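Here is the structure we will look at, set down as structure tokens.
Computed from a predicted structure; not experimentally measured.
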Amino acid sequence: MTSIPVNPELLTWVHCAESWCFLQAYQRYCLPLPAWARDRYLDEFRRVAEGLGAREVPASMAELQSFFGRVQDELVFDERVRAI
């Protein structure tokens, strides 16, 4: 069986983006969650990402916001993105 190379940084980014989107959608279309519940969700879901190879995955809203602040300068909207 051939294994697919894992990019931990990319896995962490994808996990953080989807976690944030899931939380936003739940709070918008279901019900608002208290801060402790959002943090618990992120901490529990973090374990899945780490099991897949992500590293240093945020375990709270504060850590998630800090993560997005750190990677913001890496995000670009270029021709490749426009084409996709």
Completion exercise
Rounded to the nearest 0.5 Å, the CG atom of Asp39 sits from the CD atom of Glu63 at a distance of 8.5 Å

Problem - Linked, directly or transitively: Leu31 and Trp36 (ILVMFWY side chains, under 4.5 Å) - result: no

Completion exercise
Taken in chain and number order and not counting sequence neighbours, the residues that satisfy side chain to side chain contact (heavy atoms under 4.5 Å, CB included) with Asp73 are none

Exercise for the section: Kindly check if the number of other-residue, nucleotide or ligand heavy atoms within 6.0 Å of CD (Gln27) is above 12? Expected result: yes

Problem - Separation between CH2 of Trp20 and NE2 of His15, rounded to the nearest 0.5 Å - result: 14.5 Å

Exercise for the section: Could you grab the distance from atom OG1 of Thr12 to atom CD of Glu50, nearest 0.5 Å is fine? Expected result: 8.0 Å

Practice task
Spell out, yes or no, whether Leu10 and Val6 are grouped together once hydrophobic residues are joined by side-chain heavy atoms under 4.5 Å, including indirect joins.
Solution key: no

Exercise for the section: Quick one: list whatever passes side-chain hydrogen bond (donor to acceptor under 3.5 Å, both in side chains) with Arg40, sequence neighbours left out. Expected result: Glu44

Problem - Residue pair Tyr41 / Leu33, side-chain heavy-atom distance below 4.5 Å - result: no

Problem - pair Leu42-Pro58: side-chain heavy atoms closer than 4.5 Å - result: no

Handout entry: Output field: ring centroids Trp13/Phe68 closer than 6.0 Å
Key = yes

Practice task
Indicate yes or no: at least one non-hydrogen side-chain atom of Leu23 is less than 4.5 angstrom from one of Tyr26.
Solution key: no

What pairs of donor and acceptor atoms, side-chain ones from residues 77-84 against any protein atom, are under 3.5 angstrom apart with sequence neighbours left out?
residue: Asp78; atom: OD1; partner: Arg80; partner atom: N; Å: 3.2
residue: Asp78; atom: OD1; partner: Val81; partner atom: N; Å: 3.1
residue: Glu79; atom: OE2; partner: Arg82; partner atom: NH1; Å: 2.7

Problem - Backbone of Ser60 reached by a side-chain donor or acceptor of Arg38 within 3.5 Å - result: no

Exercise for the section: Kindly work out whether a path of hydrophobic side-chain contacts (I/L/V/M/F/W/Y, heavy atoms less than 4.5 Å apart) joins Phe67 to Leu11. Expected result: no

Handout entry: Exercise: identify the closest heavy-atom pair between Arg55 and Pro8
Key = CG-CB, 4.0 Å

Handout entry: Reported CE-to-OG distance for the pair Met61 and Ser19, which is rounded to 0.5 angstrom
Key = 10.0 Å

Practice task
Check whether Val57 and Val71 end up in the same hydrophobic cluster, where Ile, Leu, Val, Met, Phe, Trp and Tyr are linked by side-chain heavy atoms less than 4.5 Å apart.
Solution key: no

